[in-house]
Amino acid sequence: MPSWTSHRITRRLATVMTGTVVVSLAVAAPSIAAAGPYSSPGVIASVSARTVTTQVTIKATTKVNATMAGICARNATGGNVDFPFAAAVDLLPAGTTIVKSRTLNPGTYSFWACAKVNGKWNDISAKSTFSVSSTASGEAMPVGNLPSWKQIFTEDFNANVAVGGFPGPYAPKWDAYDGFPDSSGNAQFSKKIISTHDGMLDMYLHTENGVVLGAAPVPLVTGVWQGQVYGRYSVRFKADSLGYFGTGWVLWPDSNDWNEGEIDFPEGSLDNTIAGFVHCIGHAQDNCAWLFSSVLFASSWHTATIEWKPTSVTFYLDGHNMITNTNAVPKSLLHWVLQTATNGGKPKATTAGHVLIDWATIYGYTG
């Protein structure tokens with residue numbers, strides 16, 4: 001691991017947003033008295049990655065004890081994929097609400113409210129459908145070359161690694177900072193907060209035993225810490241809204257000479273909007289180009305792409321060209337570091353959440 005210290009991520013912007021992101025939502029049409037004395041106003045399924053959470057309210061004209069009640073579900077070929085049922089549950093005139101989750105393979109599913117009473121199954125609500133994407137974020141990793149670009153690195157995070165086990169099966173394609181502070185001194189980089197699951201890399205940002213923990217995964221294109229001159233870097237990610245935690249995902253000089261250039265995107269506080277910066281050559285403490293977008297980190301999944309060419313640096317966010325800079329274009333070897341640590345101050349001890357990465361790709365420039 002190189003001895004150089006991490007890039008400083010200290011800028012803090014103004015807009016604050018909190019909320020919960022649901023990848024997709026399916027709601028069944030209301031169904032009244034679909035099975036004699038039973039009815040349901042509908043069923044709901046929320047899909048996040050490959051985890052599906054269903055909710056149903058079942059009503060009975062009089063109090064009835066059901067052996068089992070909840071959500072019946074079938075896959076596209078009719079196979080039974082029922083959600084875990086509530087057992088020995090009372091169905092009440094005011095309604096009994098049941099919430100259950102399970103992990104499913106990619107595909108389209110039908111689901112409806114059902115209950116077993118006196119040995120007989122009753123289909124209660126109208127049927128609806130939900131879909132589970134073949135990718136964690138709903139956008140597949142791009143595979144293959146592009147005009148002027150040769151793909152040289154891909155990662156879809158299909159192998160699971162428990163917390164504390166990274167890089168595990170991802171070595172030698174990945175490494176990460178470990179055991180030293182971020183540049184603000186408010187957090188410590190640690191591999192132990194990195195895991196992979198459900199097709200995603202997960203950085204669990206939190207405070208443990210009084211120490212604020214961040215992470216900085218590093219893709220190793222050739223199996224060692226080595227960059228390239230010019231490249232295209234694309235990452236699909238989602239973040240919780242966390243005050244004083246942020247990203248400084250950076251292209252940094254192999255030489256560790258800051259004055260050779262630095263490109264940062266996305267950068268900013270996770271409870272704020274996404275920014276990007278190109279530092280000046282020869283006086284890197286200054287920015288020669290910058291982006292302050294109106295897009296919140298925590299609003300949804302995002303795809304961020306840096307295109308670094310001999311005469312320009314372009315930032316793309318969710319398919320949109322946000323800025324193309326022709327000033328201070330680096331000409332030296334730079335490598336990619338996904339620094340995720342503190343931004344602008346020390347987080348509260350109770351602040352905790354996740355930054356998820358669905359996939360990452362790197363291209364070499366072919367002209």
Side-chain angles (χ1 to χ4, degrees), residues 20-36 38-60 66-89 91 95-143 154-162 195-202 236 238 300-301 354 356-359:
T20 299
V21 176
V22 176
V23 174
S24 63
L25 187 69
V27 183
S31 176
I32 304 300
Y38 312 112
S39 65
S40 172
V43 292
I44 296 173
S46 61
V47 184
S48 180
R50 296 179 184 175
T51 299
V52 184
T53 300
T54 57
Q55 178 176 315
V56 60
T57 298
I58 300 175
K59 297 181 179 182
T67 307
M68 291 184 286
I71 296 290
C72 290
R74 300 292 182 268
N75 61 25
T77 61
N80 188 324
V81 289
D82 292 343
F83 284 72
F85 291 110
V89 60
L91 306 180
T96 300
T97 299
I98 300 167
V99 179
K100 296 292 182 179
S101 299
R102 67 170 298 175
T103 300
L104 292 169
N105 292 324
T108 299
Y109 298 83
S110 59
F111 70 116
W112 63 95
C114 59
K116 187 176 184 180
V117 181
N118 297 326
K120 178 183 176 182
W121 278 103
N122 300 270
D123 294 340
I124 297 172
S125 75
K127 292 184 179 180
S128 187
T129 61
F130 62 81
S131 294
V132 177
S133 173
S134 59
T135 65
S137 67
E139 180 179 302
M141 179 181 69
V143 176
T154 62
E155 186 58 74
D156 217 5
F157 300 110
N158 288 322
N160 291 343
V161 176
S195 64
T196 60
H197 58 85
D198 300 311
M200 300 176 291
L201 181 142
D202 186 341
R236 180 78 169 164
K238 184 173 76 168
S300 62
W301 283 95
H354 301 264
L356 305 175
I357 298 176
D358 184 8
W359 49 258

Seminar exercise, completed: dist I58:CD1 -> N122:CG (nearest 0.5 Å) comes out at 9.5 Å

Exercise. What are the two closest heavy atoms between S137 and D358, and how far apart are they?
Worked result: OG-OD2, 2.6 Å

Problem set entry | Qualifying salt bridge (charged side-chain N to carboxylate O under 4.0 Å, His left out) pairs with a residue from residues 101-112, counting only residues at least two apart or across chains | none

For this session: Mark yes or no for whether S40, through its side chain, and I124, through its backbone, hold a donor-acceptor pair below 3.5 Å.
Result: no

For this session: Please identify each residue that fulfils side-chain contact (heavy atoms from CB on, under 4.5 Å) with A76, with sequence neighbours left out.
Result: none

Problem set entry | Distance in Å, T54 OG1 paired with I98 CD1, rounded so as to fall on 0.5 Å steps | 9.0 Å

For this session: Measure the NZ-OG distance between K59 and S39 for me, rounded to the nearest 0.5 Å.
Result: 6.0 Å

For this session: Using only heavy-atom distances, determine whether the side chains of S101 and T53 contain a donor-acceptor pair under 3.5 Å.
Result: yes

Exercise. In this structure, are over 12 heavy atoms from other groups packed under 6.0 Å from N118 atom CG?
Worked result: no

For this session: Mind checking side chain to side chain donor-acceptor pair (under 3.5 Å) for Q55 and listing every partner two or more places apart, or none if nothing turns up?
Result: none

Exercise. Roughly how far, to the nearest 0.5 Å, is the CD atom of E155 from the OG1 atom of T196?
Worked result: 8.5 Å

For this session: Could you walk me through whether K238 and W301 pass the side chain to side chain contact (heavy atoms under 4.5 Å, CB included) test, one step at a time?
Result: CA-CA 5 Å; K238 184 173 76 168; W301 283 95; 3.6 Å; yes

Problem set entry | Student check: side-chain heavy atoms of L201 and L356 closer than 4.5 Å | no

Exercise. Within the distance-only criterion (no hydrogens, no angle test), does the side chain of W359 pair as donor or acceptor with the backbone N or O of E139 below 3.5 angstrom?
Worked result: yes

Problem set entry | Aromatic centroids of F85 and W121 separated by under 6.0 Å | yes

Exercise. Atom OH of Y38 and atom OG1 of T96: how far apart are they, to the nearest 0.5 Å?
Worked result: 11.5 Å

Problem set entry | Pairwise side-chain contact, K100 with I71, heavy-atom cut-off 4.5 Å (strictly under) | no

Exercise. Are any of the side-chain heavy atoms of L104 and F83 separated by less than 4.5 Å?
Worked result: yes

Side chains of residues 108-116: which donor-acceptor partners sit under 3.5 Å, not counting sequence neighbours?
| residue | atom | partner | partner atom | Å |
| --- | --- | --- | --- | --- |
| T108 | OG1 | S131 | OG | 3.1 |
| Y109 | OH | N105 | O | 2.6 |
| W112 | NE1 | D123 | OD1 | 2.9 |

For this session: Would you confirm whether T57, through its side chain, and T97, through its main-chain N or O, come within 3.5 Å as a donor-acceptor pair?
Result: no

Problem set entry | Sequence-distant partners of R74, salt bridge (charged side-chain N to carboxylate O under 4.0 Å, His left out), two or more places apart | D82

Problem set entry | Residue list, side chain to side chain donor-acceptor pair (under 3.5 Å) with D202, at least two apart or on another chain | H197, H354

